[in-house]
Amino acid sequence: MIPTGEATAILPAGNHHSPVKVFGNEKIRATFDDLCLQQAINSRCAPGVTEVVLNPDAHCGYGAPIGCVLASPTHIYPGPVGFDIKCSMSLLQTDVPADAMIDKTIRRELIHAVCRRIPTGMGKGARDVPKSRRVEEKTGVAAMTDGASSDVLAALGVPVAWADRCEDAFHRGHDGSADALRQRLYYLRQGKTFSRFRSTVQQLGSYGGGNHFGECEVVDVVDDNESRQIANVFGLRDQHVAFLSHCGSRGIGHRLASGQFKQLEHKFDQWKIPYPGNDKQLVYAPIGSSEANDYIDDMSLGANFATVNHLLINALVLEAFQEIIPGTTGNLVYFISHNIARQEIVDNRETWVHRKGATRAFPAGHHALKRTPFEHTGHPILLPGNPQAGSSVMVGLPGAKESCYSVNHGAGRALGRRRAIRELDQKQIDASFDSADILSNCRRYPRDEAPAAYKDFEEVLRSVKQAGLAKEVARLRARFVIKDSSDADD
DNA sequence: ATGTGC
């Protein structure tokens, strides 16, 4: 490792590659285990890869670490997008004053109102919603091929203007058309793997399990003039209630991703192509090949599903607030992914930037933000920390050029799920939520999701700030949390 | 993360 200011570099074997750029202070670097670093080096040495960035929240992932950026102008890498295609964050700002959340009864009613509309847990589709909220199959198909189009949003009762608050409101097929996606979906539906498509469509408007969540927040805007001005542009309201959501493309994204992993693995074996770093999980396809086209189409189908899923969730959350606190209004602050590959200009070259557990961070004046609401501020960056340390809204700084215009995607796991379930004390976890006055839909908070299972969020943010990648605009203080409530333990 | 899947 070679220290270069706040960034550190790992040099892969041989000298024809630029190093992996590591953003993390000494404390954070101690959290990277050998496999995570090996995955970063494998990724850096893989064909066509021009840059790899390791973020402070990095830990082992599928092929590449979760918490990394991989750039390639010539190759697409499904592993460094991952299973949960376009897993994302979204934030809804309401006009409800923070004081309304003092009352535990109101918060309990809100929890029920949200959970009635938005299922959590494995396999759960939006089954318990009123008939008017059931997703028609043709709307589900249009969601996947067209993304957050006006027609799709109107059909689902989502404010059409929210599409302007998305990192990408829609993803097109490999040739830039939605038609390519229509054809690909039609083809996939002929096969057995999409036989349960009808129930898959009902997963629009659901959270899923694992680290996915919905969280009611109070907004604390950072107390300086610049932050207040940026918060205004973002639509954040200091000392008012907001709602943060974390979820992705559910079963369909998983299905599409795992199908691609298998198919590409099979072709590598058939053609005796060596795997980068001897790791099957780092299969790739050269841009322009039919394999790359198929992957880009499948990724886009999953990504569009995730986008519409988030927007529907936000509309349902707003509806839940309106049921309990009549007259509530709300607006989407932003929707931004941390598991996606997208085309960006890197060093004057059209490049596929894969962010795996990493968040885009375009600062003020970035060319891609022209004619968007965030042209003069940079777009919002939504970073979940944990319910007790809070979550963060940040904005990119010019220094983010060094990290491929990316920051971390949250705190990052410190303990594996099994270890967390074994080592963390249930009573202590629940008592800590009680004393912080944070309510939850779970009788017992999942141990593998406890704040102690994650890295120190403050330390992670410090690394981002010290490296000059982004600055904090607001902190979000949790008032209640919606998680998968099925008791997975004992 | 996940219909824990020929």
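On a predicted model such as this, the values are computed, not experimentally measured, just so you know. Quick note on labels: first sequence line is chain A, next is B, and so on, each numbered from 1.
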Please report, rounded to the nearest Å, how far the [atom2] atom of [N] is from the [atom1] atom of [X].
X       : N      : atom1 : atom2 : result
D484(A) : dT2(B) : CG    : P     : 9 Å
I252(A) : dT2(B) : CD1   : C1'   : 12 Å
F261(A) : dG5(B) : CZ    : C1'   : 15 Å
K262(A) : dG3(B) : NZ    : C1'   : 12 Å
M122(A) : dT4(B) : CE    : P     : 5 Å
Y62(A)  : dT2(B) : OH    : P     : 16 Å
N339(A) : dT2(B) : CG    : P     : 11 Å
F194(A) : dG5(B) : CZ    : C1'   : 14 Å

Between [X] and [N], is there a contact of a side-chain N or O with OP1 or OP2 at under 4.0 Å?
X       : N      : result
R196(A) : dG5(B) : no
Q203(A) : dG3(B) : yes
R255(A) : dG3(B) : no

**Report entry** Spatial distance of atom CG (L424(A)) from atom CD1 (I421(A)) [nearest 0.5 Å]
**Finding:** 9.5 Å

Answer with base, sugar-phosphate or nothing: what part of the nucleic acid does [X] contact at a heavy-atom distance below 4.0 Å?
X       : answer
R413(A) : nothing
G209(A) : sugar-phosphate
G123(A) : sugar-phosphate

Query raised in the report: Taking the inter-plane angle between the rings of H254(A) and F83(A) on a 0 to 90° scale, is it parallel (under 30°), tilted (30 to 60°) or perpendicular (over 60°)?
Result: parallel

Query raised in the report: Does a side-chain heavy-atom distance below 4.5 Å link V81(A) with Y295(A)?
Result: yes

**Report entry** T351(A) and E344(A) side chains, donor-acceptor separation under 3.5 Å
**Finding:** no

**Report entry** Whichever of C87(A) and S258(A) has its nearest DNA chain B nucleotide further upstream toward 5'
**Finding:** C87(A)

Query raised in the report: If you look at every heavy atom in R165(A) and Y334(A), which pair is closest and at what distance?
Result: O-CD1, 3.1 Å

